[in-house]
Chemist: 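Here it is, the structure, as structure tokens.
Here the structure is a predicted model, which is why all the values come from computation and not from measurement. Whatever order the structure lists them in is the order used to number ligands and atoms, beginning at 1.
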Amino acid sequence: MRAQIIGTGSCLPEKIVTNDYLSTIVDTSDEWISSRTGIRQRHISVEETTASLSTEAARRALEDAGVKAEELDLIIVATCTPDTLVPNTACLVQSELGAVNATAFDISAACSGFVFALNLVDAYMQSGMYQTALVIGAETLSRIVDWKDRSTCVIFADGAGAAVVRAAETGVSAGVMGSDGTRGGVIYVKNRENFNPFVPEQKPMDFLYMDGGAVFKFAVKKIPEAIHETLEKADLQVEDIDWFILHQANARINQMIAKKLNVSVDKVPGNVDHCGNTSAASVPILLDEVNRKGLLKSGQKIVLAGFGSGLTWGVLTLTWA
Ligand code: ACO
């Protein structure tokens with residue numbers, strides 16, 4: 001049995017922050033941001049939390065799938081911005097949903113998180129361990145971004161996306177995941193506060209640092225390679241794929257990936273213009289948008305791809321239910 005997505009949902013914070021607004025708090029402009037990233041606005045949490053966004057996205061996915069919370073036997077939340085270190089976000093979601101029969105835990109793999117989590121669910125389903133899972137990607141990156149740093153605060157944003165997954169004859173067909181921990185210095189949030197009395201000097205918590213150029217080069221090289229590798233494993237050609245749902249980091253990155261794969265940009269939908277980069281949430285939010293537009297047809301072949309801090313990357317091919 002393989003992991004088959006049978007419903008999707010997403011949730012974005014109510015507050016929308018435009019490029020023009022950001023240009024009133026840091027030295028930037030709509031022209032700079034939109035021409036380099038494709039981003040025009042993003043959703044930023046005020047009241048919402050990673051858990052509340054996750055829960056609402058999950059409710060919508062369950063409704064779309066026609067599945068009751070009690071039917072879930074597994075909940076995985078991919079996030080690098082949990083509200084609490086313990087309990088994990090998935091347990092908070094479990095409690096809110098009343099998913100009393102689920103095992104619930106989080107994984108952390110930055111922008112590759114949702115793809116890593118779905119790959120994990122697929123492995124569980126191949127083994128027969130779980131039958132009905134909820135996979136969520138959720139972030140409140142606005143909490144770890146330095147709002148005085150124009151190179152990062154214009155890029156990152158908040159939101160959650162979810163997929164209900166059932167063990168079925170078809171679904172995920174192949175995957176390629178990878179990590180290069182030697183390149184951890186490209187995107188990081190280093191210090192947490194440490195109140196241990198044996199630590200001689202308390203360091204304040206850091207904000208997110210990113211070497212944007214390095215991420216750009218890494219993504220446009222690694223993702224086409226990993227997509228080709230995954231397609232080979234699945235015995236598929238690039239032209240067999242109906243949709244490429246790629247991590248929404250930067251519109252230019254995805255245009256370059258499309259060019260390298262020699263596929264029409266029509267097959268590479270994007271929402272970075274209105275969502276910004278929501279890290280682990282970006283793939284499932286986009287998948288839900290495309291699904292709710294009625295664009296995904298039964299039997300279509302889809303590639304999901306994530307890349308980000310770690311460095312990490314993950315690609316899956318799947319057949320739509
Ligand atoms: N507004 C105006 N100027 C800015 C801004 C801003 N918001 N940010 C940086 N600049 C300035 C820089 O200070 C620099 O000025 P200088 O030349 O005087 O030093 C100049 O613009 C050029 O900076 P670069 O970093 O070279 O700009 P570049 O054209 O490479 O674009 C960007 C930067 C958009 C970050 C690009 O490198 C990129 O998109 N990289 C990929 C990043 C990404 O996708 N990250 C997310 C993935 S990571 C993840 O998902 C976890």
Chemist: Under the side-chain contact (heavy atoms from CB on, under 4.5 Å) test against Leu134, which residue among Ile75, Ile76, Val67, Val165 passes?
Modeler: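 With Leu134 as partner, side-chain contact (heavy atoms from CB on, under 4.5 Å) holds for just one option, Ile75.
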Chemist: Is there a donor in the side chain of Ser29 and an acceptor in the side chain of Ser23, or the other way round, less than 3.5 Å apart?
Modeler: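 The criterion, which ignores hydrogens and geometry beyond distance, is not satisfied for Ser23 and Ser29.
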Chemist: Any N or O on Ser309 sitting closer than 3.5 Å to an N or O of ligand 1?
Modeler: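 N/O-N/O distance below 3.5 Å does not exist for this pair.
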Chemist: Check Asp122 with Arg2, please: is the shortest side-chain N to carboxylate O separation under 4.0 Å?
Modeler: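 Salt bridge present between Arg2 and Asp122.
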Chemist: For atom 1 (N) of ligand 1, grab the closest protein heavy atom and report residue, atom and distance to one decimal in Å.
Modeler: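 The closest heavy atom on the protein side is Thr28 OG1, 2.6 Å.
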Chemist: Could you find the nearest protein heavy atom to atom 27 (O) of ligand 1 and give me its residue, atom name and distance?
Modeler: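 The closest heavy atom on the protein side is Trp32 CZ2, 3.8 Å.
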Chemist: Can you find an N/O atom of Ser279 closer than 3.5 Å to an N/O atom of ligand 1?
Modeler: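 No - when backbone and side-chain N and O of Ser279 are compared with those of ligand 1, no distance drops under 3.5 Å.
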Chemist: May I ask you to check whether Gln248 and Thr278 show a side-chain donor-acceptor distance below 3.5 Å?
Modeler: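 No, no side-chain donor-acceptor pair sits under 3.5 Å.
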Chemist: Heavy-atom count around Glu225 CD within 6.0 Å, excluding the residue itself: above 12?
Modeler: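 Correct, the count exceeds 12.
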Chemist: Using the side-chain hydrogen bond (donor to acceptor under 3.5 Å, both in side chains) rule, pick out the option among Glu71, Gln4, Gln131 that qualifies with Arg166.
Modeler: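 Result for side-chain hydrogen bond (donor to acceptor under 3.5 Å, both in side chains) with Arg166: Glu71.
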Chemist: In the protein, what heavy atom is nearest to atom 47 (C) of ligand 1, and what distance, to one decimal place, separates them?
Modeler: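 For atom 47 (C) of ligand 1, the nearest protein heavy atom comes out as Val215 CG1, 3.4 Å.
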Chemist: Inspect the contact between Glu63 and Arg59 and indicate whether a charged nitrogen and a carboxylate oxygen are less than 4.0 angstrom apart.
Modeler: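 Salt bridge absent between Arg59 and Glu63.
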Chemist: Could you tell me if any non-hydrogen atom of Gly213 lies under 4.0 Å from any atom of ligand 1?
Modeler: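 Checking ligand 1 against Gly213, which is what was asked, there is a heavy-atom contact under 4.0 Å.
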Chemist: To check your reading of the model: name the closest protein heavy atom to atom 37 (O) of ligand 1, its residue, and the distance in Å.
Modeler: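 Checked against all protein heavy atoms, atom 37 (O) of ligand 1 sits closest to Gly212 C, 3.3 Å.
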Chemist: Which ligand 1 atoms does Ile187 reach within 4.0 Å, using its non-hydrogen atoms?
Modeler: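 It comes down to these atoms of ligand 1: 48 (S), 49 (C), 51 (C).
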Chemist: Does Asn196 CG have over 12 foreign heavy atoms under 6.0 Å away?
Modeler: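 Result for CG/Asn196: enclosed.
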Chemist: Between Phe218 and Lys222, is there a cation-pi geometry (under 6.0 Å to ring centre, at most 45° from the normal)?
Modeler: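 Negative - Lys222 is either too far from the ring of Phe218 or too far off its axis.
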Chemist: Looking only at N/O atoms, are His247 and ligand 1 under 3.5 Å apart anywhere?
Modeler: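 Such a contact does occur with ligand 1.
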Chemist: Is Asp158 salt-bridged to Lys15, going by a charged N under 4.0 Å from an acidic O?
Modeler: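 Salt bridge absent between Asp158 and Lys15.
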Chemist: By number and element, which atoms of ligand 1 are closer than 4.0 Å to a non-hydrogen atom of Asp27?
Modeler: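 Close to Asp27: 1 (N), 2 (C).
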Chemist: Numbering the atoms of ligand 1 from 1, which are under 4.0 Å from a heavy atom of Met210?
Modeler: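 Those qualifying, in numeric order: 42 (C), 43 (C), 45 (N), 46 (C).
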Chemist: Looking only at protein heavy atoms, which one is nearest to atom 44 (O) of ligand 1, and what is the separation?
Modeler: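 The closest heavy atom on the protein side is Ala249 CB, 3.3 Å.
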Chemist: Establish whether atom 18 (O) of ligand 1 and some protein heavy atom are separated by less than 4.0 angstrom.
Modeler: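 No, because not a single protein heavy atom sits under 4.0 Å from atom 18 (O) of ligand 1.
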Chemist: Give the residue, atom name and distance (to 0.1 Å) of the protein heavy atom nearest atom 46 (C) of ligand 1.
Modeler: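 Among all protein heavy atoms, the one nearest atom 46 (C) of ligand 1 is Asn277 ND2, 3.1 Å.
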Chemist: Distance to 0.1 Å, residue and atom name: give those for the protein heavy atom nearest to atom 13 (O) of ligand 1.
Modeler: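 Its nearest protein heavy-atom neighbour is Arg150 NH2, 3.0 Å.
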Chemist: Are Val176 and Val220 joined in one hydrophobic group, where the rule is that I, L, V, M, F, W and Y side chains link up if heavy atoms are under 4.5 Å apart?
Modeler: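 No, because Val176 and Val220 fall into different hydrophobic clusters, even though each may have its own neighbours under 4.5 Å.
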Chemist: Near Ile253, which atoms of ligand 1 are under 4.0 Å from a heavy atom of that residue?
Modeler: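 Listed by number with element, the hits are 41 (C), 44 (O).
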Chemist: Is there a protein heavy atom less than 4.0 Å away from atom 50 (O) of ligand 1?
Modeler: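 Protein heavy atom within 4.0 Å of atom 50 (O) of ligand 1: present.
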Chemist: Do you see a protein non-hydrogen atom under 4.0 Å from atom 30 (O) of ligand 1?
Modeler: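 So far as the 4.0 Å threshold goes, atom 30 (O) of ligand 1 is out of reach of every protein heavy atom.
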Chemist: Determine whether the side chain, the backbone, both or neither of Cys111 has a heavy atom under 4.0 Å from any heavy atom of ligand 1.
Modeler: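 The part of Cys111 near ligand 1 is the side chain, not the backbone.
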Chemist: Under 4.0 Å between a side-chain nitrogen and a carboxylate oxygen: does that hold for Lys190 and Asp206?
Modeler: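 Salt bridge absent between Lys190 and Asp206.
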Chemist: Search all heavy atoms of Tyr124 against all heavy atoms of Leu74 and return the closest pair with its distance.
Modeler: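 Heavy atoms only, the tightest pair is CD1-CD2, 3.7 Å.
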Chemist: Which residue owns the protein heavy atom closest to atom 39 (O) of ligand 1, what's the atom, and how far is it?
Modeler: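 Of every protein heavy atom, Asn250 ND2, 2.3 Å lies nearest to atom 39 (O) of ligand 1.
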Chemist: Counting heavy atoms only, name the option from Ile155, Val154, Thr37 that's nearest to atom 35 (C) of ligand 1.
Modeler: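 Result: the heavy atom closest to atom 35 (C) of ligand 1 is in Ile155.
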